[in-house]
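Heads up, the thing below is written out as structure tokens.
Just so you know, these numbers use all the heavy atoms, side chains as well, and skip hydrogens, waters and symmetry mates. Protein chains get the first letters and strands the later ones, always in sequence-line order, with residue 1 at the start of each.
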Amino acid sequence: MSDIYENVMELARRRGFIWPTAECYGSVAGFIDYGPLGAMMKRRIENLWRDFYVIREGYYEIEAPTIGIEPVFVASGHVKGFSDKMCECPHCGEYLRADHTVASGGEDCPAGASCEEIAKVLERIPCPSCGTKLGPLVVSEFNLMFQTTIGPGSLRKGYLRPETAQGMFTDFGRLLRFYRDKLPFGAVQIGKSYRNEISPRQGMIRLREFTQAEAEIFVHPKKKNHPQFCRYAAYEAPLLTAALQEKSMGSSPLSMGDAVRSGIISNEYVAYYLALTHDILVKVGIRPDRIRFRQHLSDERAHYATDCWDAEFFSDRFGWVELVGIADRTDYDLKAHASHSGLSLTVFLPYDTPRTEQKRRVIPRMDVLGPRFRKQAKEVAAAMETTTPTEEGITLTLNGEQVRIPSDLYEVREETVEIRGEEVTPHVIEPSYGIDRIIYAVLEHCYAEELVEGEVRKVLRLPPWIAPIQVAVFPLMPRDGLDNLAREIADSLAGSGLLVEYDENGAIGRRYRRQDEIGTPYAITVDYETKETNTVTIRDRDSMQQVRVPVLGLEEAVRSLVAGDTALEFLKT
RNA sequence: GCAUCGAUGGUCUAGUGGCAUGACUUUGGCCUUCCAAGCCAAUAGCCCGGGUUCGAAUCCCGGUCGAUGCACCA
């Protein structure tokens, strides 16, 4: 029982943070339940994320269904790209990635090869596991998306979304109008996503149903300067660049301003959200000395992303684990949805001063063209408009035939056209957070065991604003009116929006320890002095120090302690 | 998915083909004027399904979950 993961998860189970799902039927890997304290802590972390992205950045939250219809994921590439072709060795039973096996066997397969075609190639290849020639076998698709059907009759395919991002893309037109046709703007979503992992292990780290918090920020492709960049220009974060990885070196701290100037981070937007992410991760309780930002190497980057960074935390159990991905997805997603849906997903950006252009326009005289060319008239007219007429008229190539159009079939007009702006497909900056992993990271980094007077004290040093229970209230003894007094104080604190736990059971020390273990930052004790001087003590979880404060103004004092606006020593009178 | 190992109250654990240990926790009571004190009592358990057997928590088979290795991880 020395393993940190075991210790943390044991506590999380026992005290109601994380439970195996549907335990009475034996649970399933890749799914978890959040218990009472876990659900509250998760909510607080999500709200802190909202404080940054929705309130400070001004990117409103939307909520799309978790089930998406098939065309959405055809356009996004998930139907094709999210599936692996798998096969099983008929001799040793090893489960293999078909394409990897083909490649490692020195053979070639066309990119879009079907299962049958790949199976044929595989027949000649020895199994990488047992060495026997594979021979005839079946290759099957394993799509990481959960599939379902919509409505009775099973006609319409649906998928549980593998990321929340698509909702922001499919709502792009509406969002654009909501933000009154101006760039940049952004939208966020916090919600469940689903991936049917082949073999999830590592508990909370790889789930089949997980919570993502994603922001999609739509920016001008040529103006990737964040308007508030100065806020983070001097902010330092440990960067593990692609170059450093190739030299097998560790991360080194760099300011965002320098990183952009030297071209290490491709633009201010990516750098800004990288710093903001660091800010958030530290604020929720992850140790700053165990955070790094790793740049994707060119071969692991999705082909459309120009720059991609993962925020990782170091786990004593799992090593470096990805928590957040920050990518510049360019115009890939919007272009894909535009071409699949047939809608134009662009922003009209007016120029500061409209340009005027002289244009010579060919205007076909349809009243003459119609009778002459009949069904082909429309086609001819369209072709004429793109040509430059000469004095002899226009010569067109129509279905391989030369057609002469005399000048009496059209007019040529000189026009002054005013060009007020241009249609632009925005680029997308996407910070994508794995909330469940962040919760695990916080639990692991905040968990501590320390020796106090020969006994082990387990304490969860959660930041006060993340702790599920914010303050505990105890009567020193459950009698002499101390209990009633303590109950009144607990009620009034609850009335001011704090989550309070009242406890009169057992020795006072035991009650403190119970709260230590679930991370409650402050404990208020009503003692005999309270009756005389109308004061109580506030005990700090981490230092175990107590400060005596007046009951008058207690709510405000506790609220500012929990918000992190005051330190306990400043309440000393 | 394959291979190996494992699964006993909430937690940690003893143990066995025939009444299932102990400790901690929790709850109630007594006691107690600040860090898991003490005393009394109570609650609560053999992962699930099938087989063998007079009898299975124990042996066998299958499944689930967990650990480790391999594979997988957009």
Is there a donor in the side chain of A/Ser193 and an acceptor in the side chain of A/Glu163, or the other way round, less than 3.5 Å apart?
no
Scan A/Arg511 against the nucleic acid and name what it touches under 4.0 Å (heavy atoms): base, sugar-phosphate only, or nothing.
nothing
Does A/Arg437 or A/Arg201 map to a spot on RNA chain B nearer the 5' end, using the closest nucleotide for each?
A/Arg201
Does the side chain of A/Thr520 come under 3.5 Å of the side chain of A/Gln515 through a donor N or O and an acceptor N or O?
yes
Euclidean distance for P, B/C61 against B/G28 (whole angstrom):
47 Å
Salt bridge (Lys or Arg N to Asp or Glu O under 4.0 Å) contacts in which one or both residues fall within residues 306-325 of chain A, not counting sequence neighbours
A/Asp3-A/Arg317, A/Arg290-A/Asp316, A/Arg292-A/Glu312, A/Arg294-A/Asp310, A/Arg294-A/Glu312
Please measure how far the C1' atom in B/U43 lies from the corresponding atom in B/G10, and state the result in whole Å.
11 Å
Identify whether any heavy atom of A/Ser27 sits under 4.0 Å from a base atom; if not, whether one sits that close to sugar-phosphate; answer base, sugar-phosphate or nothing.
sugar-phosphate
Of B/C35, B/C73, B/A71, the nucleotide closest to the side chain of A/Tyr512 is B/C35
What nucleotide among B/C34, B/C65, B/A67 has an atom nearest to a side-chain atom of A/Tyr5?
B/A67
How long is the line joining CD of A/Glu10 and C1' of B/C24, in whole Å?
11 Å
Walk me through it: do A/Lys531 and A/Leu485 pass the test side chain to side chain contact (heavy atoms under 4.5 Å, CB included)?
CA-CA 9 Å; A/Lys531 294 213 281 191; A/Leu485 221 47; 4.0 Å; yes
With a 4.0 Å heavy-atom cut-off, tell me which residues in residues 470-487 of chain A come close to RNA chain B, sorted by residue number.
A/Leu476, A/Met477, A/Pro478, A/Arg479
Return the nucleotide paired to B/U68: Watson-Crick means purine N1 to pyrimidine N3 with N6-O4 or O6-N4, wobble means G-U with N1-O2 and O6-N3, both under 3.5 Å.
B/A3
Now, which nucleotide makes the Watson-Crick or G-U wobble pair with B/U21, with each of the two distances under 3.5 Å?
none
With sugar-phosphate meaning primed atoms plus P, OP1 and OP2, does A/Glu529 contact a base, only sugar-phosphate, or nothing at under 4.0 Å between heavy atoms?
nothing
Do the side-chain N and O atoms of A/Arg548 and A/Thr537 include a donor-acceptor pair separated by under 3.5 angstrom?
no
Look at A/Arg14 and B/G9 and indicate whether a side-chain polar atom (N or O) is within less than 4.0 Å of OP1 or OP2.
no
C1'-based separation of B/G55 from B/U16 [nearest Å]
14 Å
Can you list every side-chain hydrogen bond (donor to acceptor under 3.5 Å, both in side chains) pair that touches residues 25-41 of chain A, not counting sequence neighbours?
A/Thr21-A/Asp33, A/Tyr34-A/Asp436
Should we say atom CG of A/Leu451 is surrounded by more than 12 heavy atoms from elsewhere, each under 6.0 Å from it?
yes
Pair of N/O donor and acceptor under 3.5 Å linking B/C48 base with A/Tyr25 side chain
no
For A/Arg539, answer base if it contacts any base atom (sugar-phosphate contacts may also be present), sugar-phosphate if it contacts only those atoms, and nothing otherwise; contact means non-hydrogen atoms under 4.0 Å.
base
By the Watson-Crick or G-U definition, both distances under 3.5 Å, B/A42 is matched with B/U26
Under the criterion side chain to side chain contact (heavy atoms under 4.5 Å, CB included), which of A/Leu554, A/Val558, A/Val549 is the partner of A/Leu571?
A/Val549
Assess whether one donor atom and one acceptor atom, taken from the side chain of A/Glu455 and the base of B/C35, lie less than 3.5 Å apart.
no
Taking any heavy-atom pair under 4.0 Å as a contact, classify A/Asn505: base, sugar-phosphate, or nothing.
sugar-phosphate
On a whole-Å scale, what distance lies between the P atoms belonging to B/U8 and B/A67?
15 Å
Taking B/G51 as the reference, what is the distance to B/A56 when you measure between their C1' atoms (whole Å, please)?
11 Å
Which nucleotide, in any strand shown, forms a Watson-Crick or G-U wobble pair with B/G62, with both distances under 3.5 Å?
B/C48
Nearest-Å distance once atom C1' is located in both B/A7 and B/U11
15 Å
Presence of A/Arg510 side-chain N/O under 4.0 Å of B/U25 phosphate oxygens OP1/OP2:
yes
On RNA chain B, more 5' by nearest nucleotide between A/Arg13 and A/Asp516 is A/Arg13
Does B/C5 sit syn or anti, given that only angles within 90° of 0 count as syn?
anti
